[in-house]
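Keep in mind that this is a model prediction, so the values were computed, not measured. These numbers come from the heavy atoms of this one structure, side chains and all, not from hydrogens, waters or symmetry mates. Letters A, B, ... are given to chains in the order of the sequence lines, protein chains preceding strands, and every chain is numbered from 1.
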Protein chains: 2
Amino acid sequence: MTYCIGIMLDTGLVFASDSRTHAGVDDIASFCKMTVFERAADRVIVLLSSGNLAGTQAVVSVLKQRNENNDEPNLWSAKTLFDVAIQVSDAMRDINRRDGQHLAASAISFNASFILGGQVKGEPPRLFRIYTQGNFIEASVETPYFQTGETKYGKPIIDRVITRSTSLNNAAKSVLVSFDSTMSSNLSVGMPIDLVCYRRDSLEVQMRRRFEVGDDYFSTLGKQWTEGTREVFNRLPNLDW
Amino acid sequence: MTYCIGIMLDTGLVFASDSRTHAGVDDIASFCKMTVFERAADRVIVLLSSGNLAGTQAVVSVLKQRNENNDEPNLWSAKTLFDVAIQVSDAMRDINRRDGQHLAASAISFNASFILGGQVKGEPPRLFRIYTQGNFIEASVETPYFQTGETKYGKPIIDRVITRSTSLNNAAKSVLVSFDSTMSSNLSVGMPIDLVCYRRDSLEVQMRRRFEVGDDYFSTLGKQWTEGTREVFNRLPNLDW
């Protein structure tokens, strides 16, 4: 499984992804699910992958190859992030066209989905959720975040903290707590965690961190959260029967 | 959807269920998913239902009808809670035998599952999870609780609080916080919530509460939890990039 989240704030964007992939419990591996395309002063594009690794890797490879070829539309020439979403969608459909019938022969279907966000110069930051069929939706004021994969364990903390006016720092913290809650309750999501905070209009990635197993900050955060919530819990009034 | 949980502690058992049922978002209704069979000084049996309402209601009705007939095995004559689980399983399979092919004609399958717990005189308290196929598992020291339905949102708080030595009162509180988190993040789980705490060897239900929308205690609990966790969150150290 996977856990990815992208958040749109007034002051920028936050992205995070876990690294666990598995084909059964006896075939567990670690792959980075975050891809960053950056050209300073021009654009920052972040792609978070969920689903079958063969599918998501192929889509990212196709996008990278097209970036090398100036004769066809690519992520460097796209004028808007909407156009980037279209390009990701096109790459997904190309891969599905190639692999789909072969997967179907084993009763598997093409299964890749993405969270896409960033900023192209001339536009405000934008955030998209691209479904496995290649259609997509864009985050709005009312719904400032998208999750994929094992989304439910970590949703309550996000719902309690995140609004559009939350600071980048607080959003980053809530995302890490959300990952801590998810990993405590579900084995299919695992470290390392990749985190990017993008500051609106900076047009470069200034804040990027990878949290490996045993990371000091992440461990402290998890410990303080567990102890703090346990204290809050112990102070809750007893039920009067 | 549904959210039900049953917890086995050293000092007894805790059961809780929501009441929301729906066949699509425009057909939402409220049904109690908790059935208590009690004969003071002899046995307490609690059944929490998940799945298709027609199926779960039919199973409970069959069990109740059989209880009226002293000539066949029933919940009052069962010598152990394991035998009760067998009877629930048999009733499920009887209903599936009757309805299964008719549901299959509409590409639906029989879908009912249960959390069953309680105590029959002469035995310690026991807790079972009965799958839709009628097979079942029993809670152990390592895994002291079972959830059904929308289980994930509310699992982190349970995982952080519950061990076998947790008190009945704290377990009841953690269950209510777990429901609060679930209902904040998912519309398909809804009030009222039915809660039973069973004290080991009491052989009667002394603590039972229904929490309706706007319940004072439940609202206070949710408010204090939200405020308290927000404070804990605000005290967490900022990430040093």
Side-chain angles (χ1 to χ4, degrees), chain A residues 14 147 150-161 166-178 180-186 195-197 199 205-209 211 215-218 220-241, chain B residues 14 147 150-161 166-178 180-186 195-197 199 205-209 211 215-218 220-241:
Chain A
V14 177
Q147 299 168 296
E150 280 292 355
T151 62
K152 296 182 178 182
Y153 304 102
K155 192 168 185 289
I157 175 67
I158 300 292
D159 285 335
R160 288 185 202 273
V161 170
T166 306
S167 70
L168 277 173
N169 253 320
N170 275 343
K173 278 196 288 182
S174 75
V175 160
L176 293 174
V177 171
S178 176
D180 182 58
S181 295
T182 304
M183 293 188 303
S184 301
S185 289
N186 189 304
L195 176 70
V196 160
C197 283
R199 196 174 304 283
V205 174
Q206 298 159 330
M207 294 170 281
R208 181 173 187 169
R209 264 283 294 268
F211 299 89
D215 179 275
D216 272 351
Y217 175 78
F218 189 79
T220 303
L221 204 72
K223 191 159 165 280
Q224 289 192 14
W225 177 252
T226 300
E227 285 168 4
T229 52
R230 197 165 285 157
E231 270 168 42
V232 174
F233 182 81
N234 288 334
R235 285 201 309 270
L236 292 177
N238 275 332
L239 178 55
D240 188 9
W241 296 93
Chain B
V14 177
Q147 300 169 294
E150 280 292 354
T151 62
K152 296 182 178 181
Y153 305 101
K155 191 167 185 292
I157 174 67
I158 300 292
D159 285 335
R160 288 184 202 275
V161 170
T166 307
S167 70
L168 277 175
N169 254 320
N170 275 344
K173 278 197 285 181
S174 75
V175 160
L176 293 173
V177 171
S178 176
D180 183 57
S181 295
T182 305
M183 293 189 301
S184 300
S185 288
N186 189 304
L195 176 70
V196 160
C197 283
R199 195 174 304 283
V205 175
Q206 297 160 331
M207 294 170 281
R208 181 172 187 169
R209 266 283 293 268
F211 298 88
D215 179 275
D216 272 351
Y217 176 77
F218 189 78
T220 303
L221 204 72
K223 192 158 163 280
Q224 289 192 15
W225 177 252
T226 301
E227 285 168 4
T229 52
R230 199 165 286 155
E231 271 168 43
V232 173
F233 181 81
N234 288 335
R235 285 200 308 270
L236 293 177
N238 275 332
L239 178 56
D240 188 9
W241 297 93

**Student:** Decide yes or no for A:N170 and A:S174: does some side-chain heavy atom of the first lie under 4.5 Å from some side-chain heavy atom of the second?
**Tutor:**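 The answer is no; the side chains never approach within 4.5 Å.
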**Student:** State which residues pass side-chain hydrogen bond (donor to acceptor under 3.5 Å, both in side chains) with A:D159; sequence neighbours excluded, sorted by chain then number.
**Tutor:**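 For A:D159, the residues satisfying side-chain hydrogen bond (donor to acceptor under 3.5 Å, both in side chains) (neighbours in sequence not counted) are A:Y145, A:K155, B:S185.
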**Student:** Heavy-atom distances under 4.5 Å only: say whether B:Q206 touches chain A with side chain, backbone, both or neither.
**Tutor:**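 When you check distances to chain A, no heavy atom of B:Q206 falls under 4.5 Å.
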**Student:** Could you pull out the closest heavy-atom pair between B:F218 and B:L176, with the gap in Å?
**Tutor:**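 Result for this residue pair: CE1-O, 3.5 Å.
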**Student:** Let me know if A:E150 has heavy atoms under 4.5 Å from chain B in its side chain, its backbone, both or neither.
**Tutor:**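 Side chain only.
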**Student:** Who among A:N238, A:D240, A:L221 has the most heavy-atom pairs with chain B under 4.5 Å?
**Tutor:**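 Of the candidates given, the most pairs with chain B belong to A:N238.
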**Student:** When heavy-atom pairs shorter than 4.5 Å are enumerated against chain A, which of B:Q224, B:K173, B:R209 gives the highest number?
**Tutor:**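 When all of B:Q224, B:K173, B:R209 are compared, B:K173 has the most.
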**Student:** Only distances under 3.5 Å count here; give the side-chain donor-acceptor pairs of residues 229-237 of chain B to other protein atoms, sequence neighbours excluded, each with its distance to 0.1 Å.
**Tutor:**
from   : atom 1 : to     : atom 2 : distance (Å)
B:T229 : OG1    : B:W225 : O      : 2.7
B:T229 : OG1    : B:T226 : O      : 3.1
B:R230 : NH2    : A:R160 : O      : 2.9
B:N234 : ND2    : B:R230 : O      : 3.3

